[in-house]
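See below for the structure under consideration.
Chain A is the first sequence line, chain B the second, and so forth, proteins listed ahead of strands; every chain is numbered from 1.
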There are 2 protein chains.
Amino acid sequence: MLSIKQSKLSARAKVLKAMAHPSRLFIIEELEKGERCVCDLTEMIGADISTVSKHLSLLKQAGIVIDEKRGNQVFYRLRVPCIINFFGCVEKVLEL
Amino acid sequence: MLSIKQSKLSARAKVLKAMAHPSRLFIIEELEKGERCVCDLTEMIGADISTVSKHLSLLKQAGIVIDEKRGNQVFYRLRVPCIINFFGCVEKVLEL
DNA sequence: TATCTATTTGGCAATATAGCCAAATAGATA
DNA sequence: TATCTATTTGGCTATATTGCCAAATAGATA
């Protein structure tokens, strides 16, 4: 009852928390266009590769992205492709 | 160019961050039904009233809610009423 | 005015997050 | 095999967040 509601809210909060960082939002937007390797994302973001790797593993942990190793590169892509609609409401908050 | 993109991402991240907490998601869901005073929300959440008040001021700061004082109570309501749709995508992340 | 209720604010301790460097791991290639 | 590239992990420090208590503020009422 209350605890079911509570755990649902916690689960949602975790997803939002995982998204709530500029670099991670950038990654999500970039992955909307298609899969990207860590090195490409790192170059675009301009942070240390270890930092980007940790952002990616956090997104993976949250169920937002999945990874696939090919050769010595790891490619990430979105696990759920509905992020574009997702931001209509966030934008409304920012516009008013 | 890059900095415009960057500041847009930061703005979005702030909104998401403000939402990314179970109690604050509960508040948002509750306010979808209509305005609520701090004392009612506090009772429903079961935390200290100062804690709830801080959650509310954080949501206000983020532009998600607005407040109105009437008598000695303060009523909060959503500033943007599109939160219901907002979670379709989050749910997808959680379902798969 | 004194006091009661509702709310906010300040301050603190515990915990979580961010980002860097260095080291470890893994696949590719000389 | 030795080495190069790509990535992850461990560890550290700085900073941010959370939630409580106590105190301050403000309106309502005795």
Give the nucleotide from the list [options] with an atom nearest to the side chain of [X].
X       : options               : value
A:Val38 : C:dA6, D:dA6, D:dT8   : D:dT8
A:Tyr76 : C:dG27, D:dT8, D:dC21 : D:dT8
B:Lys17 : D:dA16, C:dA28, D:dT7 : D:dA16
B:Asn72 : C:dT7, C:dT5, C:dC20  : C:dT5

Please give the nucleotide sitting opposite [N] as a Watson-Crick or G-U wobble pair, both distances under 3.5 Å, or none.
N      : answer
C:dT7  : D:dA24
C:dA2  : D:dT29
D:dT18 : C:dA13
C:dA18 : D:dT13

Inset, instruction - Please determine which of A:Lys60, A:Arg79, A:Arg77, A:Arg36 meets the salt bridge (Lys or Arg N to Asp or Glu O under 4.0 Å) test together with A:Glu68. - result: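 Among A:Lys60, A:Arg79, A:Arg77, A:Arg36, the one meeting salt bridge (Lys or Arg N to Asp or Glu O under 4.0 Å) with A:Glu68 is A:Arg77.
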
Inset, instruction - On DNA chain C, check which nucleotide each of A:His21 and A:Arg70 is closest to and give me the residue with the more 5' one. - result: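 Nearer the 5' end of the strand: A:His21.
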
Inset, instruction - Answer yes or no: is there a side-chain heavy-atom contact under 4.5 Å between B:Leu16 and A:Leu25? - result: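 Yes, close enough: below the 4.5 Å cut-off.
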
Inset, instruction - Flag the pair B:Leu41 / B:Met44 as yes when at least one side-chain heavy-atom distance between them is below 4.5 Å, and no otherwise. - result: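 Touching, per the 4.5 Å side-chain cut-off.
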
Inset, instruction - Keeping the roles fixed (side chain from A:Thr42, backbone from A:Val38), state whether a donor-acceptor pair exists under 3.5 Å. - result: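 Pair found, side chain donor or acceptor close to backbone of A:Val38.
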
Inset, instruction - Determine the contact category for A:Ser50: base if any of its heavy atoms lies under 4.0 Å from a base atom, sugar-phosphate if only primed atoms, P, OP1 or OP2 are that close, otherwise nothing. - result: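 Answer is base: heavy atoms of A:Ser50 come under 4.0 Å of a base.
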
Inset, instruction - Check each residue of residues 51-60 of chain B for a non-hydrogen atom within less than 4.0 Å of any atom in DNA chain C, then write out the ones that pass by number, or none. - result: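 Per residue number, the list reads B:Ser53, B:Lys54.
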
Integer-rounded Å distance: [N] [atom2] and [X] [atom1]:
X       : N      : atom1 : atom2 : answer
B:Asp48 : D:dA23 : CG    : P     : 14 Å
B:Gln73 : C:dA6  : CD    : P     : 7 Å
B:Asp67 : D:dG27 : CG    : P     : 14 Å
B:Glu68 : C:dT8  : CD    : P     : 13 Å

Legend entry - Considering all heavy atoms, the nearest A:Ala62-A:Ala18 contact: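 Between these two residues, the closest heavy atoms are CB-CB, 3.4 Å.
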
Legend entry - Below 4.0 Å: OP1/OP2 of D:dT8 and any side-chain N or O of A:Lys69: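 Looking at the OP1 and OP2 atoms of D:dT8, neither is under 4.0 Å from any side-chain N or O of A:Lys69.
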
Inset, instruction - Indicate whether OP1 or OP2 belonging to C:dA18 is found under 4.0 Å from a side-chain N or O atom of A:Arg24. - result: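 Affirmative; the distance criterion is met.
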
Legend entry - Given A:Ile45, A:Leu58, A:Val52, A:Leu56, the one that forms side chain to side chain contact (heavy atoms under 4.5 Å, CB included) with A:Arg24: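 By the side chain to side chain contact (heavy atoms under 4.5 Å, CB included) criterion, A:Arg24 pairs with just one of A:Ile45, A:Leu58, A:Val52, A:Leu56: A:Leu58.
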
Legend entry - Salt bridge B:Glu29-A:Lys8, side-chain N to carboxylate O under 4.0 Å: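 The answer is no: the pair does not qualify as a salt bridge.
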
